[in-house]
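Input: a single structure, listed below in structure tokens.
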Amino acid sequence: MADFTALIRDVPDFPEHGIVFKDIMPLLADADGLRAVVDALADPWRDAPLNAVVGIEARGFLLGTPVAMALGVGFIPIRKAGKLPGPVEQESYGLEYGRDTIEIHADAISTGDHVLVLDDVLATGGTAAAAGALVQRLGASVAGFSFLLELGFLSGRSTLGEAHIERLLLVDAGAES
Ligand code: AMP
């Protein structure tokens, strides 16, 4: 796959001091980049027996929906608390400071389904792990996780246990999250 690093913009001190935000908007705005990234995210899963792609708010929606189309399955959103009309299942997880809560519609996935969980960035892994817990609570299984970008120095994949993890780009060093 082509190297799309140049289309991912580093924004220092956003949303708060000390964080280098990985802005994928230039990549989404680039027609060739968008098509290639969607194809590359879908490729490892083309033969997998998936029932759905689950995307995490909000950039996981932007990438997850076209990936679901590419794989011939539907898309299911996981949202920040209070956004889905419900009924929902929810999961809270620790952030560097404080906690966050995400939700999924309780009827979104059927028992025994296999789903791919997709997000733009794997940082500490807390968000993806919470998403996986929600999928499992609904009686489904996580076939694997896919990310556009992994911040390897934060060791997020260690929070995902033995799961099958795919990612397109690796940032191996940095002082950011
Ligand atoms: P984490 O739970 O620490 O793995 O954080 C992952 C979630 O936060 C994903 O939904 C990312 O979109 C977002 N995120 C974390 N760190 C960054 C970063 N440096 N740049 C862009 N998004 C980030």
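None of the values given here were measured: they were computed from a predicted structure.
- Ionic pairing of E57 and K83 is present here: one or more N-O contacts between side-chain nitrogen and carboxylate oxygen are shorter than 4.0 angstrom.
- Between N51 and G112 the shortest heavy-atom distance is OD1-O, 4.5 Å.
- Side-chain heavy atoms closer than 4.5 Å link hydrophobic residues (I, L, V, M, F, W, Y) into clusters, and following such links, even through other members, never connects V115 to V88.
- Taking OG1 of T127 as the start and CD1 of I78 as the end, the distance is 10.0 Å to the nearest 0.5 Å.
- The aromatic rings of F61 and F75 sit perpendicular, their planes meeting at an angle over 60°, well past the 30° parallel limit.
- In this structure, D100 has no salt bridge (Lys or Arg N to Asp or Glu O under 4.0 Å) partners at least two apart in sequence or on a different chain.
- The hydrophobic side chain of M69 is isolated, with no ILVMFWY side chain under 4.5 Å apart from it.
- Checked for salt-bridge contact, R35 and D32 miss the test: no charged N lies under 4.0 Å from a carboxylate O.
- In terms of heavy-atom proximity, A129 sits nearest to T159 at CB-O, 3.9 Å.
- In terms of heavy-atom proximity, A81 sits nearest to E103 at CA-CD, 3.6 Å.
- A side-chain donor-acceptor contact under 3.5 Å links S158 to the backbone of S155.
- Under 4.0 Å is where a charged nitrogen must lie from a carboxylate oxygen, and between K22 and D10 at least one such pair does.
- Within the 4.5 Å cutoff, the side chain of P85 has heavy atoms near those of the H105 side chain.
- Within the 4.5 Å cutoff, the side chain of R9 has heavy atoms near those of the V11 side chain.
- Between Y93 atom OH and I102 atom CD1 the span is 5.0 Å, to the nearest 0.5 Å.
- Distance alone, capped at 3.5 Å, places no donor-acceptor pair between the D120 side chain and the L148 backbone.
- To the nearest 0.5 Å, atoms CG (L149) and CZ (F4) are separated by 13.5 Å.
- In the hydrophobic clustering of ILVMFWY residues, with side-chain heavy atoms under 4.5 Å counting as a link, I56 and L84 come out apart.
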